[in-house]
Amino acid sequence: MDDTITSIIADLEETQLSNDNKLSSQTLQNLQSLLDSNDPQLIDQLFSTIPPSSLLPPLTATMDSAHSPLSLHSSNAYLSLLLAPNSPVFTLFNPMSFLSLLRSLRVSLKPRPAGPQNDEEEPNSSSSAPVPARGALGKKRKGRGARNCEGGGGSGGKNEGLDVRVFFRVIEKLAAVLDLVHLDRFPDSLRSLVQTIVEIPVTASEAWGNVVNFNRLGDLCSRVLSQLIKPEHGEEGETAAEVLKSLTPLTLRVKSQAGSFALGFVKSLVVGVTERSDGVKKAVVNFPRFLVQKAPEKAELRGMAVEAIMAVVRAMALEDQIGFAEYVVKMTQGKASLRLLGVDLIFGLMTELKDPFGVGLDDGLESSWGFKCLGALIQRCSDSGAAIRARALSNLAQLVGFLSSDDKHRAVLKEAMGFGAVDSKRMEGGLNDVLRKRCMDEKANVRRAALVLVSKLTALLGGNFDGVLLKTMGMACSDPLVSIRKAAISALSECILLMLDWTLALQAFRVFSDQSVITEWLHSVPRLVTDNESSIQEECENLFLELVLDRISEAGAGSNVSNGSTPSNPRVKGKSVEREMELLFPKGALLILREICNGEVEPWVKKICTSLGKKKLLKPKIVVALQNIIKTSESHWLSHSMSIEQWTAPPGAWLLLAEVSAYLSKSVDWGFLYHHWRLLDKYRAAGELKSPPAKQHIHEDDSSESNSAAWAGDRVFLLQTISNVSVELPPEPAAELAENLLKRIEEFNMHSTEVNAHVKALRTLCKRKASNTSEADALVTKWVQQILSRASLILEKFLSSDSEGTTETSFFTPRTGNRKGKRAAIASRLLPEAVTAVFTIGSLVVVCPSADLTNIVPLLHTIITSGSSDPKVVKLPGPSVSLKQTAPSLYIQAWLTMGKICLADGKLAKNYIPLFVQELEKSDCAALRNNLVVMMADFCVRYTALIDCYISKITLCLRDPCELVRRQTFILLSRLLQRDYVKWRGVLFLRFLLSLVDESEKIRQLADFLFGNILKVKAPLLAYNSFVEAIFVLNNHNAKNTHGSKISQKENRLFSIRGNDETSRSKRMHIYTTLLKQMAPEHLLATFAKLCAEILAAASDGMLKIEDATGQSVLQDAFQILSSKEIRPPTCRGPQNDAGDIEEEGGENGASAIAAKGRAITQAVRKGLIQNTIPIFIELKRLLESMNSPLIGSLMECLRILLKDYKNEIDDILVADKQLQKELIYDMQKYESAKARSTVAEAVSAMQNPSSFVSPKATGGTHAQDSKLAAKLASNSRVASAMADAAAAAKAKSVLREVNRGPATTPPLSAISVPKLKSNQLGTIARNERPPDVLESLRRRQSFNFDDEN
């Protein structure tokens, strides 16, 4: 060992002689071996030979060597010196040396830069002797270090020369040194040590891949940090706060290795906090709150921050957890970033902490921290920020799903949310109201989250939602976004599943006594079978199969009530029997069947059944169930000794059976069908042609008429079912049935729906029972001609009788009253039969277009042209009086049948289409106009070229007085446009615009859907191309109306909203904003430029005459459009842009792309303002001022709004003309001041109104209104200053008014008690007395007049 000490001394002397103060590798090795021996005598000998102060500078210099292995070995030697026995710690410890030690630790983990190692170790070496030795030793040490660092060193440029064992040894010794060295006197060293220890895991996690090594490193770092939080190193609370503050970035990176280390240390500190001082407790309790302030705003990083915070809070004591929960509740009232983070934290607190509602405690529910958190979360569902609203609703939905799984929390959760028995009043204006508003929110993510919450709340609340909310969910099924439609379908389906559940049946019937859920579901979901999204179509079909068909199958499978199963009771009313029937069939089967019959639901049910049938998803059990339901209903009715004539099958049963039987014909029982056909036909025939009822039996007759109507509908569906299963019928019953059908048709006494059903059934029966196609066609043609012959005879008989009556009336002496009465009776008896015959002819033409109509067409021509005065119309012998007045039903049916004939005969259609158009224009019958519109739509499909020239005539029906005709025209034309039979050209698009502001709400909804969904995809440029022309057309201005020469002025007025009143302007603005919403940002910019060029510039150049009313309306509309927010691109509307409107989030790349596009659009807007807008506005302003036009106010308001967002850029926009800039700013300020003065003048006059006639009760309200008005006016500095001026002027005017009133308000001098004075007996004038002329001038003083008094 003496040789070792001697070698160390020699090396130190050589180091002192050279400029380099660093120790060599051999010296460090010798010194380390000496210190590792831990022999007190050798160490005392070393310190006695070499002063400790002389060892410190070379060790410090070696530790400072950058990227050198010697640096870490020097640090190891330095710490060994401090830990050596009898070591002079206070002499050896130096803050500068300690900082060098810490720097050595940090640098050793970082990758070394490329280059020669010798140059790195000796950058300033001047002697060449030591360099090779140290270089050789460095290479040797490097090889050993690489072997020692198995798995510790990385690859690809990482620090491969790090000796992990040496590094761990340094950290261990550093923890031991902290027991000897107290850092309370060295606060900078303490902070540096904390930062270094915190930085080591971050650097090591990037450089090391060995989990074992990192775990050991984390334990060592935790030991060092724990050592620091001791009284010896300063106040414990401050040190703990410093450590936790440094650990914050690591803690927020919870998914990394460094984050795991930080969380582990913090949790260990929290667990042992009871043994710590109050300062440490305070630091630990406040640490989650500090993390809240440092949490990032990006969604992914914010989620990691919430996870880290909750990991810390879980380890805290109960009282500290409650305190943090209360802090989070207060957070939700702060700024937006804190509110958003607080919403996420509330969900974590409620799900991860125990017993949030304090179940079983005596304090009550409202005092629990969970109740406060839940209230804050519900409150954030109505936050002003869309992202916060969506997040709150989403978290609330997850929270409800989590807590609902625990029976202990279900009741408490219901009460806390305002649905409990104790506080049920909150239900009406509480969460139901919030959900109703959020389901109609303007942001897509909010609507989606609200619907998900409704789905989660359904099971918890038993579907206890109000009717308005159900309607709102139904409307959401038509949302433009696919995800929201899916969420709405799911929410409504959850409600109906709850209602149809066996276990909750009684509760559901009690809650949904009006069957609102079934009604809303059937009106909203089945219609989506025609949705553009295939996944929604499949979901709709699957839900219908599960919720409707399967439920009916289960309900009807075991229902079979035999006669006499219920005691007969003749006094039981029919309605009570129907109520009993509903109890026989569980799961709401009869409710579903009844609602299927609704006219708005029936078409979609048929489409779904057809689709399911084609996919072979229909099961035979549905047919069996429907037959059982009908049989059970009949048996139950008869068991109460009720008349079979008054029985009707459950509504919807025959309808559904008719639809499914087309694909399940073998499952239908022919005996069942034959029995009910005989039953329905027998009692139907017996109940025909009844005499008018007596007055005393009017109620019974009403029920019988409704009953017969139900039977007629059942017969139609029964015939459809028979047609579907006709292949399976035996020959003899089929022949008998065909004979009966033909006989019933030839009687011409059925309802029109029954006629169609009989004709179609007979045709199907013939085609399926014939051996081949030709035989089937021959059979059909034979009985069709037979019926047509009989129908022509009936029409001839009616026309001849009517013609004879007309002739007698015209040319002969009037007959007696009895003769007229008989002829009237004959005509009234023949009329129903003639109407049915005409309708039957139309049905026969549809099933057999090749039928011979030689005798029929002249008869129909006679009917539709009867009474016509047009000389061009070829008249045939017949009645001279129009049948439109004498027999309107026959007249309408004749037109309808003629339309069907024209569809089958193209040559006939060429001759009669002009007649159809003429009748459509002149007819005063809404029913006939409606039928004619339908026929013209059919003609457009069959004869597109013939109808194209009449499209403008058809569009006149869009302004028809009858709402039904307008709606029918809109729907039919929309379908033709979607199928490209009609093109969006000419006036068609412009005339469709008025449907957006139609009087009917249904038409407005249809128009909004057409323009918002269909046209936006099918014709995205249509709104842009026709926008400017729409302004002129809606104002009935001919400057841009390119179709004015082809269209009459009457039609132009019909499709315009001319007028300058508020109602007309608001309607036009609604149309403009609807069109602007369909445009892309680049089209909005182009529209802005077109408005300036084609309207504003035209007005300033004199091309647009603004002297007349229409020109002023066009210009004013242009000003309103330019100042509206819809014409500005989304990126120019301020920070209201929300990423929640995007259907699928594109991440940061998508957001950056959107931001870049927004900046480009903003620059384009500014460029357009510089080059085009401002010069046009200035020129137009001068013109309007010269004309003293009232539009100057609209122009200044528009200009103010346009420049509001660019007020700092006015200098750049008007850089060419500084004088013009000053004038424009002055004019704008003058205009705003005048506007403010007028506002204040109105307010002051309102405040000064005499209140003597106001009742005392209204005084408080008046003061409240005045205070609100004053607060509102005071919010604007310009208005406030004008208020002061106006108030002063009002005060001055009031004083002057009092002066002007003169003696009228001043009491006479005689009425005033004053001392009497003696008269001047000398007759001289006193020195101070006024001359008489002055007094006279005062008596004749001039009154002060005011503008308002004049």
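Every heavy atom of this structure was used, including side-chain atoms; hydrogens, water molecules and symmetry mates were not. The structure presented is a predicted model; accordingly, all values stated were derived computationally and were not measured.
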#### Entry: Test side chain to side chain contact (heavy atoms under 4.5 Å, CB included) applied to Leu788 and Leu853, step by step
CA-CA 8 Å; Leu788 286 176; Leu853 302 174; 3.9 Å; yes

#### Entry: Intermediate values then yes/no, side chain to side chain contact (heavy atoms under 4.5 Å, CB included), Leu742 and Gln786
CA-CA 10 Å; Leu742 181 58; Gln786 179 181 342; 4.2 Å; yes

### Message
Quick one, Glu746 with Lys743, criterion salt bridge (Lys or Arg N to Asp or Glu O under 4.0 Å). Give me CA distance, side-chain angles, the key distance, then yes/no.
### Response
CA-CA 5 Å; Glu746 289 180 340; Lys743 192 179 296 183; over 6 Å; no

### Query
Would Phe748 and Arg790 count as a side chain to side chain contact (heavy atoms under 4.5 Å, CB included) if you check the C-alpha gap in whole Å, the side-chain angles of each, and the deciding distance to 0.1 Å?
CA-CA 10 Å; Phe748 298 110; Arg790 183 170 177 78; 3.6 Å; yes

### Message
Set out, in order, the CA-CA distance, both residues' side-chain angles and the distance that settles side chain to side chain contact (heavy atoms under 4.5 Å, CB included) for Leu737 and Tyr674, then state yes or no.
### Response
CA-CA 9 Å; Leu737 178 62; Tyr674 185 73; over 6 Å; no

### Task
Report the C-alpha separation of Lys767 and Asp777 in whole Å, then their side-chain angles, then the decisive distance to 0.1 Å, and conclude whether the salt bridge (Lys or Arg N to Asp or Glu O under 4.0 Å) test is met.
CA-CA 7 Å; Lys767 285 186 174 294; Asp777 293 339; 3.1 Å; yes

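Side-chain atoms of Leu593 and Ile629, non-hydrogen and from C-beta on, do get closer than 4.5 Å to each other. Side-chain contact between Trp677 and Thr721: absent, with no pair of heavy atoms (C-beta onward) separated by less than 4.5 Å. Between Thr897 and Thr840 there is no side-chain heavy-atom pair separated by less than 4.5 Å. By the 4.5 Å heavy-atom criterion applied to side chains, Ile722 and Ser661 are not counted as neighbours. With a 4.5 Å cut-off on side-chain heavy atoms, Trp783 and Leu844 count as touching. Here the side chains of Trp604 and Lys607 are in contact, with some heavy-atom distance below 4.5 Å. In this structure, the side chains of Leu612 and Tyr663 stay at 4.5 Å or more apart for every pair of heavy atoms. In this structure, Ile622 and Leu626 have side chains that are in contact, with non-hydrogen atoms separated by less than 4.5 Å.
A salt bridge between Glu602 and Lys606 is present, with a side-chain N of the basic residue lying under 4.0 Å from a carboxylate O of the acidic one. Looking at Lys631 and Glu634, no side-chain N of the basic residue comes within less than 4.0 Å of a carboxylate O on the acidic one, giving no salt bridge. A salt bridge is absent between Glu554 and Lys621: the closest approach of a Lys/Arg side-chain nitrogen to an acidic carboxylate oxygen does not fall below 4.0 angstrom.
Under a cut-off of 6.0 angstrom, the local environment of CG in Asn532 is sparse, with at most 12 non-hydrogen atoms contributed by other residues, nucleotides or ligands. The number of heavy-atom neighbours closer than 6.0 Å to CD of Gln785, taken from other residues, nucleotides and ligands shown, is above 12. By the neighbour-count criterion of 12 heavy atoms within 6.0 Å, atom NZ of Lys1002 is sparsely surrounded, having that number or fewer from other residues, nucleotides or ligands. In Lys760, the NZ atom is not crowded: 12 or fewer heavy atoms of neighbouring residues, nucleotides or ligands sit closer than 6.0 Å.
Checked by atom type and distance alone, the side chain of His636 never pairs as donor or acceptor with a backbone atom of Thr632 at under 3.5 Å. At distances below 3.5 Å, at least one donor-acceptor pair connects side-chain atoms of Arg942 with backbone N or O atoms of Leu903. No donor-acceptor pair closer than 3.5 Å links the side chain of Asp980 to the backbone N or O of Leu976. For Asn930 (side chain) and Ala926 (main-chain N/O), no donor-acceptor pair under 3.5 Å exists by modelled atom type. When atom types are taken as modelled, the side chain of His675 and the backbone of Gly671 share no donor-acceptor pair closer than 3.5 angstrom.
Of all heavy-atom pairs spanning Ala887 and Phe798, the tightest one is CB-CZ, 4.4 Å. Leu831 and Leu890 make their closest contact through CD1-CB, 3.9 Å (heavy atoms, listed as atom of the first residue, atom of the second, distance). Looking at every heavy atom in both residues, Leu719 comes nearest to Ala761 through O-CB, 4.0 Å. Shortest non-hydrogen contact noted between Gly652 and Cys597 is N-SG, 2.9 Å. Considering every non-hydrogen atom in both Cys477 and Leu492, the closest pair reads SG-CD1, 3.9 Å. Between Val755 and Thr836, the shortest heavy-atom distance links the atoms CG2-CG2, 4.1 Å.
To the nearest 0.5 Å, the span separating CG on Leu528 from OG on Ser478 amounts to 6.5 Å. Taking CG of Leu549 as the reference point, atom CG of Leu617 lies at 10.0 Å (rounded to 0.5 Å). With rounding to the nearest 0.5 angstrom, the CD1 atom of Ile592 is 7.5 Å from the CG atom of Leu547. Note that SG of Cys902 and CH2 of Trp895 are 9.0 Å apart. Values are rounded to the nearest 0.5 Å. Separation of atoms CG (Leu657) and CD (Gln627) is listed at 6.0 Å; rounding is to 0.5 Å. Atom-to-atom distance recorded for Thr764:OG1 and Asn724:CG is 8.0 Å, nearest 0.5 angstrom.
The aromatic ring centroids of Trp654 and Phe672 lie less than 6.0 Å from each other.
A search for side chain to side chain donor-acceptor pair (under 3.5 Å) contacts involving Ser535 returns Lys486, Glu533, not counting sequence neighbours. Shown here are the ring pair (Phe, Tyr, Trp, His ring centres under 6.0 Å) partners of Phe839, two or more places apart in sequence or in another chain: there are none. Remark: Asp550 pairs with no residue by the salt bridge (Lys or Arg N to Asp or Glu O under 4.0 Å) rule, at least two apart or across chains.
For the side-chain contact (heavy atoms from CB on, under 4.5 Å) test with Ile841, the passing option among Ile787, Val857, Leu795 is Leu795; the others fail. Of the candidates Ser850, Ser789, Cys848, Val784 forms a side-chain contact (heavy atoms from CB on, under 4.5 Å) with just one, namely Cys848. Here the options are Glu541, Gln537, Glu538, the test is side chain to side chain donor-acceptor pair (under 3.5 Å), and the partner is Ser611; only Glu541 passes.
Between the side chains of Asn756 and Ser843, a donor-acceptor pair is found at a separation under 3.5 Å.
A parallel orientation is assigned to the rings of Phe544 and Trp521, their planes being inclined by less than 30° (bins at 30° and 60°).
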